2 protein chains.
Amino acid sequence: MDSYKLPGAYKLFFGTLANDSRLKIVNLLRHGSKNVTEICHATGFEQSMVSHNLKMLEYHGMVFVAKKGKFRQYSLNEKTIKPLVELIDAHMKQYCCKILEGKR
Amino acid sequence: MDSYKLPGAYKLFFGTLANDSRLKIVNLLRHGSKNVTEICHATGFEQSMVSHNLKMLEYHGMVFVAKKGKFRQYSLNEKTIKPLVELIDAHMKQYCCKILEGKR
DNA sequence: TAATCATATGAAAACTTATTCATATATTTA
DNA sequence: TAAATATATGAATAAGTTTTCATATGATTA
C-alpha cells in the first residue's frame with residue numbers, strides 16, 4: 001500500500017463519498033441503474049446538481065455511464081461499492097455506536 | 001446494508017478520511033503507535049492541529065488512545081484500515097488511472 | 001509548589017467544496 | 001427544421017471544513 005502516497009488519491013476517493021447527496025445517489029443506484037431524470041425524481045434533487053455529482057462519481061470510477069439515445073444510464077460500480085459498504089458497516093457496528101445512535 | 005441510512009453515518013466516516021493531514025497521520029501510525037509530540041515531529045504539523053485531527057479520528061474509531069503518564073499514545077485501528085486501504089488500492093488500480101497519474 | 005512539558009479546546013480566520021442559476025449542447029419528435 | 005426533452009457546464013454564491021491562535025488543563029519534574 002505504500003506504493004501510493006496515502007494523501008492525494010485517497011483524499012479524492014474519500015472526498016467523493018463524503019457527501020450526502022452523492023451517497024444518496026449511490027444508494028439509489030444500488031437498486032438498479034437509472035438515468036439522470038429518474039435520479040432527480042427519486043432523490044428530489046435538482047438536475048444540474050445531480051449532473052455535477054454524477055460527473056464526480058464517474059470520474060472516480062464509482063459509477064459508469066452508458067448512452068441510450070438522449071438518455072444517460074448511470075450504474076454503480078458494485079465491485080468496489082459492495083465490499084466497501086460491508087467493511088464500513090462492520091466498522092461502524094463495532095466502533096461507532098455513538099455516531100449510529102446520534103446521526104441516523 | 002440498508003439497515004443503516006447510507007447518508008449520515010457514512011458521510012462522517014468518509015469525511016474523516018477525506019483530508020490530507022489526517023491521512024498522513026493514519027499512514028504514519030501504520031508504522032507503529034506514537035504520541036502527539038512524535039506525530040508532530042514526524043509530520044511537521046502544528047500540535048493543536050494534530051490534536052484536533054486525532055480527536056476526529058478517535059471519535060470515529062479509526063485510532064485508539066492510551067494514557068501513558070503525561071503522554072498519549074495513539075494507535076491505528078488496523079482491523080478497519082488495512083482492508084480499507086487494500087480495497088481502495090484495488091479500486092484505484094482498475095478505475096482511477098487518471099487520478100493516480102495526475103495526483104500522486 | 002513553581003516551573004515545565006504534553007495535550008486539549010474554543011473561536012476566528014482561511015480555505016475548500018457544494019449547490020444554484022443561467023445557459024449551452026445533444027438528441028429526438030412533431 | 002422548429003420545438004421539446006435530456007443532460008452538461010461555468011461561474012457565482014452559499015455552506016461546510018480545516019487550520020491557526022490564544023489559552024486552558026493535566027501530569028511531571030526540579
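Fair warning: this is a prediction, and the values are worked out from it, not measured in the lab. Note: hydrogens, waters and symmetry copies are ignored here, and every other heavy atom, side chains too, is used. All chains are named by letter (A, B, ...) in the order of the sequence lines, taking the proteins before the strands, and each is independently numbered beginning at 1.
Taking the six-membered ring for Trp and thresholds of 30 and 60 degrees, A:H91 and B:F13 have ring planes more than 60 degrees apart, a perpendicular arrangement.
In this structure, A:E46 atom CD and D:dA8 atom P are separated by 13 Å, rounded to whole Å. In this structure, CD1 of B:I25 is placed 12 Å from P of D:dT18, rounded to the nearest angstrom. Atom CG of A:L54 and atom P of C:dT19 are 12 Å apart (whole Å). Regarding B:F14, its CZ atom lies at a distance of 15 Å from the P atom of D:dT17, rounded to whole Å. A:H41 places its NE2 atom 12 Å from the C1' atom of D:dT5, with the value rounded to the nearest Å. Distance, B:K11 NZ to D:dG16 P: 7 Å, rounded to whole Å. Distance B:K24 NZ to D:dT18 P: 17 Å, rounded to the nearest Å. Residue A:L57 contributes atom CG, which lies 10 Å from atom P of C:dA18 at whole-angstrom precision.
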Detail all sub-3.5 Å separations between protein N/O atoms and N/O atoms belonging to nucleotides 9-14 of chain C.
residue	atom	partner	partner atom	Å
C:dG10	O6	B:H52	NE2	2.6

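OP1 or OP2 of C:dT19 lies within a sub-4.0 Å distance of a side-chain N or O belonging to A:N53. OP1 or OP2 of D:dG16 has not a single side-chain nitrogen or oxygen of A:N19 nearer than 4.0 Å.
What you find for B:T43 and B:I25 is that their closest heavy atoms are CG2-CG1, 4.5 Å. Across A:S75 and A:S33, no two heavy atoms sit closer than the pair CB-CB, 3.6 Å. Nearest heavy atoms, A:G61 versus A:N77: O-ND2, 2.8 Å.
The same ILVMFWY cluster, assembled from side-chain heavy atoms under 4.5 Å apart, contains both A:V26 and B:L87. Both B:I81 and B:V65 are assigned to one and the same hydrophobic cluster, defined by single-linkage of ILVMFWY side chains at heavy-atom distances under 4.5 Å.
Under the 3.5 Å distance criterion, with hydrogens and angles disregarded, no donor-acceptor pair is assigned to the side chains of B:N19 and A:Y10. A donor atom on one side chain and an acceptor atom on the other are found under 3.5 Å apart for B:N53 and B:R22.
For the pair A:K24 and A:F45, the cation sits on the ring face: its NZ or CZ lies under 6.0 Å from the ring centre, inside 45° of the axis.
Listed in residue order, the members of residues 63-76 of chain A having a heavy atom less than 4.0 Å from DNA chain D are A:K70, A:F71, A:R72, A:Y74.
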